[in-house]
Amino acid sequence: MRQHTLRPSGLAPLDALIATPPDPVGVLLYFPGFNTPLGPWEIAKCAHLADATSLTVVLTEIPGMSRFADPIPKAVRKDMLTGRAESWAELHLAYIDAAMRVGEVGNPEYLQVLGYSTGCSLAVASLPELAGWGPIEGLNLVEPVAISQRNVASLQAHNLADWGRMGSALATNRGHDWVMSARRRQRREPSVKYSAVDLVAIGQVLSSQGLLAGIDAVDIARCSLVRGARSSLCRRPDYDLLDESLGSRGVPGPTITVQGMGHQLWHSFPIVVQLTRAMLPVGG
């Protein structure tokens, strides 16, 4: 596991994590959720993903949400305020490319893409450019949010409802001492920072159906979908429509509903382990 601070020419700094298994067979690009610091908790997840799949895991902070508190560039924010994520994803890919160069991660002959929550929108918007990096063997979307048309106030109400379910996810980590230790260390780490105007722009992206339009515009070899049965942010009717749309195109892959969990299911390490096994080719 290696941590890097990326400083691409002309861009603000961001942190990155790269987890490399002993004999990597490809690359997993992991697009994280909103407000995700790259501390002990994400390190634990990345280490597991790399170990379980034999894929080199590459993860960066999301532009506009980092410990450095640098804002999203104005031109990118302008696009986001219309609900579009493409330029935000292009910026994010510039950092992922920098991370792969710094970490000496070669051109992937086997590429998996994983997104959680906000990261699902960035992952899907990145697919057209990523297709030129190497063959994308699979897209994996955990709790996609930008599949429902709603206003920002409704988005926040749904976020608060799901935040109230965080306890159910965290309770599953009890009995796993090293997981609990990682979460305790995470609480002592500095959080990521973002501005009010960037928060509004991100909210506009997430309150649109931009992910649906993006996924319809690209060819996908395989797609895994995951939703918590109690999730408010990932609404069941729209999740079902996404699943039906992929099915009508003949796109294979599991559709998973995690009973008893809301949006924060990705904060349960036992569930992360189970989903890794269900979504991704374990062991390469």
Side-chain angles (χ1 to χ4, degrees), residues 1-6 13-21 28-53 55-69 92 95-96 99 103 112-120 122-123 140-145 159 162-194 202 226 228 231 233-234 258 260-280:
M1 176 67 69
R2 290 165 290 168
Q3 295 179 271
H4 302 279
T5 296
L6 308 172
L14 282 186
D15 282 343
L17 294 177
I18 299 177
T20 306
L28 171 62
L29 301 183
Y30 169 23
F31 294 80
F34 182 88
N35 196 24
T36 299
L38 304 193
W41 184 231
E42 288 304 312
I43 288 173
K45 283 189 277 191
C46 287
H48 169 71
L49 288 166
D51 182 62
T53 65
L55 300 174
T56 298
V57 180
V58 180
L59 166 66
T60 79
E61 292 177 309
I62 295 176
M65 286 187 285
S66 76
R67 69 184 179 93
F68 300 99
H92 197 166
Y95 286 102
I96 292 175
Q112 288 275 350
V113 178
L114 167 66
Y116 165 62
S117 187
T118 301
C120 292
L122 287 162
N140 307 275
L141 302 178
V142 179
E143 279 284 315
V145 176
N159 181 52
D162 265 317
W163 188 253
R165 301 176 184 118
M166 175 68 89
S168 298
L170 296 182
T172 65
N173 295 317
R174 294 173 187 158
H176 303 275
D177 291 342
W178 72 271
V179 176
M180 298 298 290
S181 175
R183 286 205 63 86
R184 284 193 294 271
R185 294 198 307 275
Q186 183 64 66
R187 286 196 292 269
R188 296 193 291 269
E189 294 276 325
S191 184
V192 299
K193 302 171 185 177
Y194 44 85
I202 294 167
V226 178
S231 177
L233 281 168
C234 182
V258 182
M261 289 290 110
H263 187 70
Q264 283 80 15
L265 55 82
W266 202 240
H267 294 267
S268 162
F269 198 85
I271 289 177
V272 169
V273 170
Q274 294 175 47
L275 290 178
T276 301
R277 187 179 302 114
M279 293 188 298
L280 294 159

- Task: Go through the structure and list residues passing side-chain contact (heavy atoms from CB on, under 4.5 Å) with Thr20, not counting sequence neighbours.
- Result: Arg2, Ile18, Pro24, Thr56
- Whether Tyr116 and Trp266 hold their rings parallel, tilted or perpendicular, with breakpoints at 30° and 60°: parallel
- Message: So does Gly39 get a backbone contact from the side chain of Asp15, meaning a donor-acceptor N/O pair under 3.5 Å?
- Response: no
- Please assess Val57 against Leu114 for the test side chain to side chain contact (heavy atoms under 4.5 Å, CB included), listing each intermediate value before the final yes or no. CA-CA 10 Å; Val57 180; Leu114 167 66; over 6 Å; no
- Message: Please report the interatomic distance NZ(Lys193) to CE(Met65), rounded to the nearest 0.5 Å.
- Response: 15.0 Å
- side-chain contact (heavy atoms from CB on, under 4.5 Å) involving Ile43 - partner list, sequence neighbours excluded: Met1, Gln3, Leu17
- Gap between atom CE of Met261 and atom CD1 of Ile271 - 0.5 Å precision: 4.5 Å
- With Ser66 via side-chain contact (heavy atoms from CB on, under 4.5 Å) - residues at least two apart: Leu14, Glu61, Phe68
- Message: For His4, give me all partners under ring-ring contact (aromatic ring centres under 6.0 Å, His included), at least two apart in sequence or on another chain.
- Response: none
- Go through the steps to decide whether Thr276 and Thr53 satisfy the test side chain to side chain contact (heavy atoms under 4.5 Å, CB included), and finish with yes or no. CA-CA 8 Å; Thr276 301; Thr53 65; 4.1 Å; yes
- Item | With Thr60 via side-chain contact (heavy atoms from CB on, under 4.5 Å) - residues at least two apart | Leu6, Ala16, His92, Tyr95, Ile96, Ala99
- By side-chain hydrogen bond (donor to acceptor under 3.5 Å, both in side chains) - contacts of Thr118 (at least two apart): none
- Residues Glu143, Cys120; criterion side chain to side chain contact (heavy atoms under 4.5 Å, CB included); working and verdict: CA-CA 8 Å; Glu143 279 284 315; Cys120 292; 5.9 Å; no
- Note on the structure: What one should report as the nearest heavy-atom pair of Cys234 and Pro144 is SG-O, 3.2 Å
- For Pro21 and Ala50 the tightest heavy-atom approach is CB-O, 3.6 Å
- Sequence neighbours excluded, which residues qualify as side-chain hydrogen bond (donor to acceptor under 3.5 Å, both in side chains) partners of Ser268? Thr172
- Task: Scan Thr36, Asn140, Leu122, Leu141 and name whichever one has a side chain to side chain contact (heavy atoms under 4.5 Å, CB included) with Phe31.
- Result: Leu122
- Query: What do the steps show when you test Val192 against Ile62 for side chain to side chain contact (heavy atoms under 4.5 Å, CB included), and what is the final call?
  - Reply: CA-CA 9 Å; Val192 299; Ile62 295 176; over 6 Å; no
- Under the side-chain hydrogen bond (donor to acceptor under 3.5 Å, both in side chains) test, which residues partner Gln264, sequence neighbours left out? none
- Nearest atoms (heavy-atom pairs only) where Pro37 meets Asn35: CD-O, 3.3 Å
- Message: Tell me every residue that passes side-chain hydrogen bond (donor to acceptor under 3.5 Å, both in side chains) with Asp162, counting only those two or more places apart in sequence or in another chain.
- Response: Arg165
- When rounded to the nearest 0.5 Å, the distance separating SG of Cys46 from NE2 of His48 is 11.0 Å
- Task: Kindly indicate whether the side chain of Leu49, heavy atoms from C-beta on, has any atom under 4.5 Å from the side chain of Leu55.
- Result: no
- Task: Kindly state each residue pair satisfying salt bridge (charged side-chain N to carboxylate O under 4.0 Å, His left out) with at least one member in residues 35-47, sequence neighbours excluded.
- Result: Glu42-Lys45
- Message: How long is the straight-line distance from OH of Tyr194 back to CD1 of Ile202, given to the nearest 0.5 Å?
- Response: 8.0 Å
